[in-house]
Number of protein chains: 2
Amino acid sequence: MTTAETRGESLSIGEVAERTGLSVHALRFYEREGLLVGPVRRTSGGRRRYTRVDVDWLLICVKLRESGMPLADLKRFAELVRQGPGNEAERLRLLDSHQQRVEAQIRALEECRSVIAWKVGVYAEHLARGQADGLWDPTV
Amino acid sequence: MTTAETRGESLSIGEVAERTGLSVHALRFYEREGLLVGPVRRTSGGRRRYTRVDVDWLLICVKLRESGMPLADLKRFAELVRQGPGNEAERLRLLDSHQQRVEAQIRALEECRSVIAWKVGVYAEHLARGQADGLWDPTV
DNA sequence: ACTTGATCTAGACCTCGCTCTAGATCCTAG
DNA sequence: CTAGGATCTAGAGCGAGGTCTAGATCAAGT
C-alpha cells in the first residue's frame with residue numbers, strides 16, 4: 001500500500017479529499033474552474049499529484065467558502081496569486097471586504113439566535129406549564 | 001391613496017413585501033409552498049390581504065431563513081402550527097435543533113474570521129514594509 | 001496475468017430558492 | 001371614462017455550487 005507517508009511528499013486526489021473535506025468531484029471541479037493557484041502536477045499515467053502547497057491553498061479555500069465567499073471571488077483571488085507579486089493591495093482589498101461580510105454575517109446570526117432563543121423559551125415555558133393552560137395558541 | 005394606515009388593518013402584498021424584505025414573488029411562492037400558517041384572505045377582487053398575524057409569522061420566517069433553516073423545515077413548522085395545539089413538543093424540537101445549528105454556524109464563522117484576519121494581517125504587514133522585500137511570495 | 005479499486009475526461013444532471021414572463025384583471029387618481 | 005400601476009395565475013427559467021455517469025485507463029496485490 002502506497003500512502004502519502006510512505007511516499008514522502010505528494011498526495012493523490014483521494015487523499016486530498018480526505019484532508020480537505022472536499023469531494024474528489026469538487027476537487028476536479030475547482031481545478032476546471034480555475035480556483036487553484038497553479039496547475040496540478042500529474043504522474044506519467046495522468047493522475048493528479050497534489051503538493052503541500054496545493055493542500056494549504058485548498059484549506060484556505062475551504063475556509064473562505066465556508067464563510068460564504070462566492071466562487072467568483074475565490075477565482076479572482078487565485079488569479080491574483082497566479083499573476084505573482086505586485087497586486088498585493090488588491091488581494092488585501094478582496095480579503096478585507098470578505099472579512100467585513102463575515103462580521104456582518106456573524107452579527108446577523110446572533111440576532112437570529114436571539115429571536116429563536118426567545119421563541120424556544122416561549123414553547124419551553126408552555127410545555128413546562130403542562131395542561132394547566134387549555135387556551136394557548138400563539139399561532140407561532 | 002389607500003394605505004395600511006388609512007385602512008386600519010390589512011396589508012397588500014406590496015406592503016408586506018416592503019415590511020418583510022421578501023419580494024412579492026417570494027411571498028406568492030411561500031404561500032404556494034405551504035409555508036404560511038393560514039390561507040391568506042382575499043378581497044372580493046381576488047387580491048391578497050395580509051393580517052398582522054401573517055406579517056409576524058413572515059418576520060419569523062425571514063429570521064429562520066436568514067439563519068439557514070431550509071424551506072422544508074419551515075414548511076414542517078408551519079404544518080405543525082396549522083394543526084393547532086397538541087404538538088408543541090415537536091415544534092420545540094424543531095426550533096431547538098435549529099438553534100444548535102445556528103450556534104455551530106456562528107462558531108464556524110468565528111473560526112473562519114480568525115483565519116481570514118490572520119491572512120489580512122500577513123498582507124497588511126507586507127504592504128506596510130513596502131518595497132523593502134523583493135523576494136516575498138507567500139503563494140497564498 | 002488477473003482482479004480490484006482508484007482515477008481519468010467530458011458532459012449531463014441535480015437541488016435550492018427564488019425570479020421572471022405572459023396575458024389577464026383590478027382599482028384608484030385625474 | 002380612462003390611464004396607470006398593482007396584482008392575479010400558471011408555469012418556465014435561472015444562478016450557484018456542486019454531483020453523478022459512462023466508459024476508459026492506471027496501478028497494486030496475489
Side-chain angles (χ1 to χ4, degrees), chain A residues 1-7 10-36 39-50 54-55 58 61-78 98 101 105 112, chain B residues 1-7 10-36 39-50 54 58 61-78 98 101 105:
Chain A
M1 179 185 171
T2 310
T3 65
E5 287 72 38
T6 63
R7 245 189 356 266
S10 74
L11 300 176
S12 73
I13 195 169
E15 290 166 328
V16 173
E18 252 176 48
R19 279 162 179 70
T20 58
L22 295 165
S23 71
V24 298
H25 296 295
L27 284 169
R28 292 195 278 246
F29 169 72
Y30 276 26
E31 185 176 340
R32 252 187 297 180
E33 294 294 296
L35 271 41
L36 302 193
V40 178
R41 319 263 252 81
R42 302 291 182 117
T43 64
S44 55
R47 269 82 200 285
R48 293 173 177 81
R49 300 307 320 185
Y50 293 82
D54 294 325
V55 175
L58 282 166
C61 287
V62 166
K63 283 299 172 197
L64 292 173
R65 284 289 307 124
E66 222 181 320
S67 51
M69 181 182 281
L71 291 188
D73 289 16
L74 208 41
K75 181 173 183 174
R76 178 70 188 138
F77 193 32
H98 181 58
R101 273 182 294 175
Q105 246 185 107
C112 294
Chain B
M1 179 184 170
T2 311
T3 66
E5 287 72 38
T6 62
R7 245 188 358 266
S10 73
L11 300 176
S12 72
I13 195 169
E15 290 165 329
V16 173
E18 252 175 48
R19 280 162 178 70
T20 58
L22 295 165
S23 71
V24 297
H25 296 297
L27 284 169
R28 291 194 278 246
F29 168 73
Y30 275 27
E31 185 177 340
R32 250 187 296 176
E33 294 294 294
L35 302 178
L36 302 193
V40 177
R41 317 264 253 81
R42 302 290 183 119
T43 65
S44 54
R47 270 84 199 284
R48 291 172 179 81
R49 300 306 323 185
Y50 293 82
D54 294 325
L58 283 167
C61 288
V62 165
K63 283 299 172 198
L64 292 174
R65 285 287 307 125
E66 222 180 321
S67 51
M69 182 182 279
L71 291 187
D73 289 15
L74 208 40
K75 180 173 184 173
R76 178 69 187 139
F77 192 32
H98 181 58
R101 274 182 293 174
Q105 248 185 105

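What you see below is based on every heavy atom in this structure, not just the backbone, and it leaves out hydrogens, waters and symmetry mates. Throughout, protein chains are lettered first and strands after them, A, B, ... in sequence-line order, and every chain is numbered starting at 1.
- Nearest-nucleotide mapping onto DNA chain C: of Arg42(A) and Met69(B), the residue sitting toward the 5' end is Arg42(A).
- The base of dA6(C) sits within donor-acceptor range of the side chain of Arg47(A), with an N or O pair under 3.5 Å.
- Whole-Å rounding puts the Ile13(A) CD1 to dC8(C) C1' distance at 9 Å.
- Across residues 21-32 of chain A, Arg28(A), Arg32(A) each have a non-hydrogen atom less than 4.0 Å from an atom of DNA chain C (numbered order).
- Atom CZ in Arg49(B) sits about 9 Å away from atom P in dC8(D), given to the nearest Å.
- What separates CZ of Arg65(A) from C1' of dG18(D) is a distance of 9 Å, to the nearest Å.
- With hydrogens and angles disregarded, no donor-acceptor distance shorter than 3.5 Å links the side chain of Glu33(A) to the backbone of Lys75(A).
- For the OP1/OP2 pair of dT7(D) and a distance below 4.0 Å, the side-chain nitrogens and oxygens of Arg48(B) include no atom meeting the criterion.
- Side-chain contact check for Asp73(A) versus Arg101(A): some heavy-atom pair is nearer than 4.5 Å.
- Residues Arg47(A) and Arg42(A) are not in side-chain contact: their nearest non-hydrogen atoms beyond the backbone lie 4.5 Å or more apart.
- Counting to the nearest Å, the P atom of dA6(C) and the CD atom of Glu18(A) are 11 Å from each other.
- Judged by closest nucleotide on DNA chain C, Gly46(A) is the one of Gly68(B) and Gly46(A) placed further toward the 5' end.
- Close to dA27(D), at under 4.0 Å from its OP1 or OP2, lies a side-chain N or O of Thr43(A).
- Contacts of Glu66(A) classified as salt bridge (Lys or Arg N to Asp or Glu O under 4.0 Å), with partners at least two apart in sequence or in another chain: Lys63(A).
- In this structure Arg32(B) satisfies the salt bridge (Lys or Arg N to Asp or Glu O under 4.0 Å) test with no other residue, sequence neighbours excluded.
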